[in-house]
**Student:** 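Below are the structure tokens for one structure; questions will follow.
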There are 2 protein chains.
Amino acid sequence: MKSTLEESLEILSGLGLVLTLQRRAILKFLHEQQGHWTAEAIYGELRPRYGSLSRATVYKTLELLCEAGELQCLRLRKDVMHYDTFTGPHHHFLCEQCGAIIDIPMECPIKASGRIEGHRVDRCIAYFAGVCEACL
Amino acid sequence: MKSTLEESLEILSGLGLVLTLQRRAILKFLHEQQGHWTAEAIYGELRPRYGSLSRATVYKTLELLCEAGELQCLRLRKDVMHYDTFTGPHHHFLCEQCGAIIDIPMECPIKASGRIEGHRVDRCIAYFAGVCEACL
DNA sequence: TTAGATGCAAAGTGTTTGCAGCCTG
DNA sequence: CAGGCTGCAAACACTTTGCATCTAA
């Protein structure tokens with residue numbers, strides 16, 4: 001995400017999107033609580049504060065923020081999607097003991113080269129699984 | 001998978017599993033048609049030949065084969081699981097134009113080292129996405 | 001013989017969609 | 001004021017589960 005909430009709002013605005021109360025609330029929350037979130041968790045956090053928030057809006061807004069480049073979506077678990085507020089080049093480590101998701105800042109050398117075996121590489125989707133330092 | 005169908009059957013047998021008609025059929029099919037399969041596709045191929053095959057059995061058998069190390073399960077698309085008959089160390093390339101899934105034989109150097117930033121790395125789940133050589 | 005496997009259908013789960021009504025710009 | 005957005009609930013798609021029945025060893 002952009003470094004400030006204001007900049008993020010400008011991004012959406014610049015794309016011709018309406019800055020509704022709901023979108024502002026979600027964006028504000030993600031700026032304050034950076035990390036790896038699920039749609040359900042965000043809904044659970046915001047619903048009590050913004051009475052009329054719906055799951056559909058959360059899902060739509062998160063997808064929108066991904067398209068706008070303000071979030072990075074991750075499929076680390078088979079059942080649920082995570083949204084990462086850190087959009088710089090990095091991978092992840094998933095602790096299979098405590099469930100922690102840890103950022104691993106690194107660039108994939110193959111993605112950097114842009115090619116593998118003649119194919120054009122646009123994205124490298126990767127994560128490591130194991131046991132984190134704290135659990136060891 | 002093991003190189004021959006017989007060896008694969010012995011693996012299951014050795015694990016104390018019953019070699020039912022259905023399990024034999026699925027295993028035989030996968031040996032003949034190696035590649036990246038979805039549960040639904042396997043069901044679609046075998047159902048006409050083995051009238052009484054059910055989806056539940058296909059799903060259960062595929063999970064079983066993954067546990068037995070005879071298949072590798074891949075989540076390359078958000079909606080559906082793929083099962084790979086090639087179980088050696090390799091990653092994948094997903095063509096976003098034609099949908100092809102291409103094996104990329106390579107070992108992840110970080111997985112090989114077993115560590116990253118103090119965490120123990122047991123698995124490296126990765127794939128590349130872009131446009132394949134044929135589509136370019 | 002009997003533990004384990006199958007088939008069916010129903011349930012489960014995260015996510016998406018259709019649509020009437022509301023709100024931002 | 002007008003198009004975009006929201007909330008609700010129902011729909012979706014893949015996968016899992018419960019249970020009566022069947023079968024491999």
Side-chain angles (χ1 to χ4, degrees), chain A residues 6 8-29 36-68 71 73-83 99 101, chain B residues 6 8-29 36-68 70-71 73-83 99:
Chain A
E6 287 65 34
S8 290
L9 289 169
E10 274 172 33
I11 294 261
L12 296 199
S13 210
L15 292 169
L17 298 166
V18 179
L19 297 181
T20 60
L21 201 62
Q22 294 85 338
R23 287 177 180 169
R24 286 172 186 275
I26 292 169
L27 213 42
K28 178 164 176 285
F29 175 79
H36 311 91
W37 290 92
T38 64
E40 186 62 30
I42 293 172
Y43 176 75
E45 292 277 344
L46 293 181
R47 181 69 206 240
R49 313 183 204 169
Y50 302 83
S52 76
L53 184 67
S54 73
R55 277 190 180 79
T57 299
V58 174
Y59 277 102
K60 281 174 191 158
T61 302
L62 291 176
E63 192 194 340
L64 225 128
L65 291 172
C66 285
E67 286 169 11
L71 285 180
C73 69
L74 311 172
R75 179 161 293 276
L76 304 179
R77 294 205 337 233
K78 61 181 292 190
D79 54 331
V80 69
M81 188 77 96
H82 281 89
Y83 297 86
I101 298 169
Chain B
E6 287 66 34
S8 290
L9 289 168
E10 275 171 32
I11 294 260
L12 296 199
S13 211
L15 292 170
L17 298 167
V18 179
L19 298 181
T20 61
L21 201 61
Q22 293 85 338
R23 286 177 182 169
R24 287 171 187 275
I26 292 170
L27 214 40
K28 178 164 176 286
F29 176 79
H36 312 90
W37 290 92
T38 64
E40 187 61 31
I42 293 172
Y43 175 75
E45 291 278 344
L46 294 181
R47 180 69 206 240
R49 313 184 205 170
Y50 303 84
S52 76
L53 184 68
S54 73
R55 276 190 180 80
T57 298
V58 174
Y59 277 103
K60 282 175 191 156
T61 301
L62 292 175
E63 192 193 341
L64 226 128
L65 291 172
C66 286
E67 287 169 10
E70 284 288 277
L71 285 180
C73 71
L74 312 173
R75 180 161 290 279
L76 304 180
R77 293 206 337 233
K78 62 181 291 190
D79 54 331
V80 69
M81 187 78 93
H82 281 90
Y83 297 88

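Proteins come first, then strands; the chains are lettered A, B, ... in the order of their sequence lines, and each starts at number 1. What you see is a predicted model; the values in this text were computed from it and never measured.
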**Student:** What are the two closest heavy atoms between A/Phe29 and A/Ile42, and how far apart are they?
**Tutor:** CE2-CG1, 4.3 Å

**Student:** Mind listing the N/O atom pairs, protein and nucleotides 21-25 of chain D, below 3.5 Å?
**Tutor:**
unit_1	atom_1	unit_2	atom_2	d
D/dA25	OP1	B/Leu19	N	3.3

**Student:** Grab the CG-P distance between A/Leu15 and D/dG3 for me, whole Å please.
**Tutor:** 21 Å

**Student:** Could you pick out which residue, A/Leu64 or A/Tyr43, lies toward the 5' side of DNA chain D when each is mapped onto its nearest nucleotide?
**Tutor:** A/Leu64

**Student:** May I ask you to decide if A/Tyr50's main-chain N or O and A/Arg47's side chain share a donor-acceptor pair within less than 3.5 Å?
**Tutor:** no

**Student:** Measure the CG-CD1 distance between A/Leu62 and A/Ile26 for me, rounded to the nearest 0.5 Å.
**Tutor:** 6.0 Å

**Student:** I need the A/Glu45 CD to A/Trp37 CH2 distance, nearest 0.5 Å.
**Tutor:** 4.5 Å

**Student:** Sugar-phosphate means primed atoms, P, OP1 and OP2; the rest is base. With that split, encode nucleotides 10-17 of chain D 5' to 3' as B, S or - using protein heavy atoms under 4.0 Å.
**Tutor:** ----SBBB

**Student:** Is there a side-chain contact between A/Leu65 and A/Leu12, using heavy atoms and a 4.5 Å cut-off?
**Tutor:** yes

**Student:** Verify, without hydrogens or angle tests, whether B/Arg24 (side chain) and B/Leu19 (backbone) share a donor-acceptor contact under 3.5 angstrom.
**Tutor:** yes

**Student:** Say you draw a straight line from OG1 of A/Thr57 to CG of A/Leu46; how long is it, rounded to the nearest 0.5 Å?
**Tutor:** 11.5 Å

**Student:** Could you give the CG-to-C1' distance, from A/Leu53 to D/dC5, as a whole number of Å?
**Tutor:** 13 Å

**Student:** Are B/Gln22 and B/Thr61 side-chain neighbours, meaning at least one heavy-atom pair lies under 4.5 Å?
**Tutor:** no

